Amino acid sequence: MASRVSLKSKGKASGKGSKASAEEKSTAQSLKEWSTWAVKKAKVITHYGFIPLIIIIGMNSEPKPQLSQLLSPV
Amino acid sequence: MATALNVPPATTTTTLPQMKKEEEKVDYLNLPCPIPYEEIHREALMSLKPELFEGMRFDFTKGLNQKFSLSHSVFMGPMEIPSQSSETIKIPTAHYEFGANFIDPKLMLFGRILTDGRLNARVKGDLTENLSLKANAQLTNEPHMSHGMVSFDYKGKDYRTQFQLGNGALFGANYIQSVTPHLSFGGEVFWAGQHRKSGIGYAARYNTDKMVATGQVASTGLVALSYVQKVSEKVSLASDLMYNYMSKDVTASFGYDYILRQCRLRGKIDSNGCVAAFLEERLNMGLNFILSSELDHRKKDYKFGFGLTVGE
């Protein structure tokens with residue numbers, strides 16, 4: 001979706017200004033937009049997945065604990 | 001024969017003083033590795049800034065194996081929110097926090113998540129023998145309120161250097177070097193892109209077995225000096241002075257730290273009229289009782305807290 005937005009703006013800009021400056025602007029803009037999109041996705045993934053990741057790594061370490069030990073309060 | 005018998009003792013008595021002198025002579029090529037730059041005030045912070053809290057706190061840590069443990073923590077009490085006026089605004093809150101820790105000599109993962117969706121994550125790993133990576137993040141559901149910071153630490157023979165990257169275009173680097181077996185000097189630079197601020201700072205630390213003295217100056221206007229004296233095995237006294245030469249703000253504090261067999265008692269008194277004490281009492285193996293109090297006579301804000309910690 002972000003890439004479609006940038007293509008539309010590239011089309012409009014090339015219609016108005018010169019082609020060389022439009023391409024430079026769009027590569028810098030698309031790079032910034034992609035990196036912002038990547039950082040946002042990474043933040044959501046870390047937010048939901050960090051604690052499950054620790055639990056998975058912990059449950060696979062030696063000596064392997066039982067699943068019941070994970071859920072029981074004792 | 002008598003002379004032959006006499007000769008060895010004479011040589012030993014002359015070599016002993018020589019050996020002692022060599023030990024006392026400093027080997028400048030073999031200095032110990034200094035403490036990381038951000039821990040330069042470690043002893044003073046441990047004594048003077050315990051984790052004071054207000055309300056009730058209950059922590060339960062359950063170890064599943066040597067390296068992996070889960071923790072459940074409940075907190076009920078007023079939380080202070082920063083306000084512009086001189087009055088402190090407190091809002092009663094209660095939250096439950098679930099956490100998981102994985103501690104390995106090479107990798108340490110620490111995560112805590114609260115009921116309101118805030119995540120506190122810390123990662124510390126050794127990439128090679130001397131290079132280690134540390135990252136920490138506080139993520140929230142509110143937009144633009146999350147922070148993250150990554151740092152790369154390199155440990156040399158008698159120096160340490162660190163490079164940090166944070167969100168909001170925050171860059172920092174610091175370096176600390178041991179100059180004698182007791183003295184080390186360090187410096188740091190940082191640049192904050194979002195606030196368009198940059199700063200440079202210097203620090204020095206002198207420590208022996210009995211005392212630690214540190215000093216730190218920064219271009220943000222901060223001057224911090226601290227001195228910790230270990231009076232005996234169980235008692236240590238600390239004092240600290242913070243001066244901001246831009247805002248002309250001075251705070252001096254003096255504190256004590258008693259580490260006894262069944263408890264640890266820390267107390268401090270401040271030049272802002274604040275007296276605080278923190279007691280951790282070991283009732284039984286794995287059961288700790290915590291009492292915390294902070295009396296701020298100037299603002300007339302009195303905070304008392306109690307808690308229980310179960311598990312290691």
Side-chain angles (χ1 to χ4, degrees), chain A residues 1-14 17 20-74, chain B residues 58 60-74 96-125 135-150 165-169 286 310-311:
Chain A
M1 286 161 283
S3 50
R4 261 184 245 148
V5 169
S6 67
L7 278 168
K8 273 190 196 157
S9 62
K10 197 176 24 175
K12 278 188 193 161
S14 61
S21 65
E23 277 177 19
E24 275 171 29
K25 257 191 269 173
S26 63
T27 45
Q29 265 178 2
S30 54
L31 191 65
K32 231 199 268 184
E33 279 163 17
W34 281 344
S35 64
T36 316
W37 173 88
V39 165
K40 281 205 179 124
K41 291 295 173 200
K43 186 204 159 216
V44 174
I45 290 174
T46 315
H47 206 156
Y48 283 104
F50 190 72
I51 299 244
L53 173 78
I54 300 181
I55 291 179
I56 289 173
I57 293 180
M59 293 300 271
N60 286 334
S61 67
E62 294 303 317
K64 273 205 189 165
Q66 307 282 330
L67 193 60
S68 56
Q69 273 183 309
L70 188 69
L71 300 170
S72 85
V74 169
Chain B
F58 177 75
F60 173 55
T61 307
K62 185 178 137 157
L64 283 126
N65 68 20
Q66 274 294 71
K67 304 179 186 176
F68 179 51
S69 59
L70 295 174
S71 85
H72 306 268
S73 160
V74 177
Y96 163 74
E97 186 184 54
F98 173 71
N101 311 336
F102 178 74
I103 299 178
D104 195 41
K106 280 203 191 153
L107 177 69
M108 188 195 95
L109 298 169
F110 176 93
R112 294 270 182 277
I113 185 150
L114 281 104
T115 42
D116 52 10
R118 273 185 291 164
L119 173 73
N120 238 337
R122 269 182 18 209
V123 175
K124 184 174 164 200
N136 70 24
Q138 277 102 42
L139 304 177
T140 61
N141 278 328
E142 297 159 32
H144 302 300
M145 289 288 279
S146 314
H147 309 286
M149 171 116 74
V150 174
L165 285 165
N167 83 329
V310 183

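Here is the naming used below: chain letters follow the sequence lines, and residue numbers restart at 1 for every chain. No experiment lies behind these values; they were computed from the predicted model shown.
Taking the side chain as every heavy atom from C-beta outward, I54(A) and F110(B) never approach each other to under 4.5 Å. Residues N141(B) and H47(A) form a side-chain contact, since some pair of their non-hydrogen atoms from C-beta on lies under 4.5 Å apart.
Identified by a heavy-atom distance below 4.5 Å to chain A, the contributing residues of residues 116-125 of chain B are G117(B), L119(B), A121(B), R122(B), V123(B), in residue-number order.
Side chain of N65(B) to backbone of P65(A): no donor-acceptor contact under 3.5 angstrom is found.
For OH of Y48(A), the number of neighbouring non-hydrogen atoms (other residues, nucleotides, ligands) closer than 6.0 Å is 12 at most.
Rounded to the nearest 0.5 angstrom, I57(A) CD1 and D104(B) CG are separated by 9.5 Å. The distance from the CG atom of L109(B) to the CZ atom of F50(A) is 5.0 Å, given to the nearest 0.5 Å. Here the CZ-CG distance, from F68(B) to L70(A), works out to 6.0 Å after rounding to the nearest 0.5 Å.
In this structure, the portions of L64(B) lying under 4.5 Å from any heavy atom of chain A include both its backbone and its side chain.
Residues F102(B) and G58(A) come closest through the heavy atom pair CD1-CA, 4.0 Å.
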Report, one line per pair, each donor and acceptor closer than 3.5 Å where one atom sits in a side chain of residues 38-45 of chain A; sequence neighbours left out.
residue	atom	partner	partner atom	Å
K43(A)	NZ	T140(B)	O	3.0

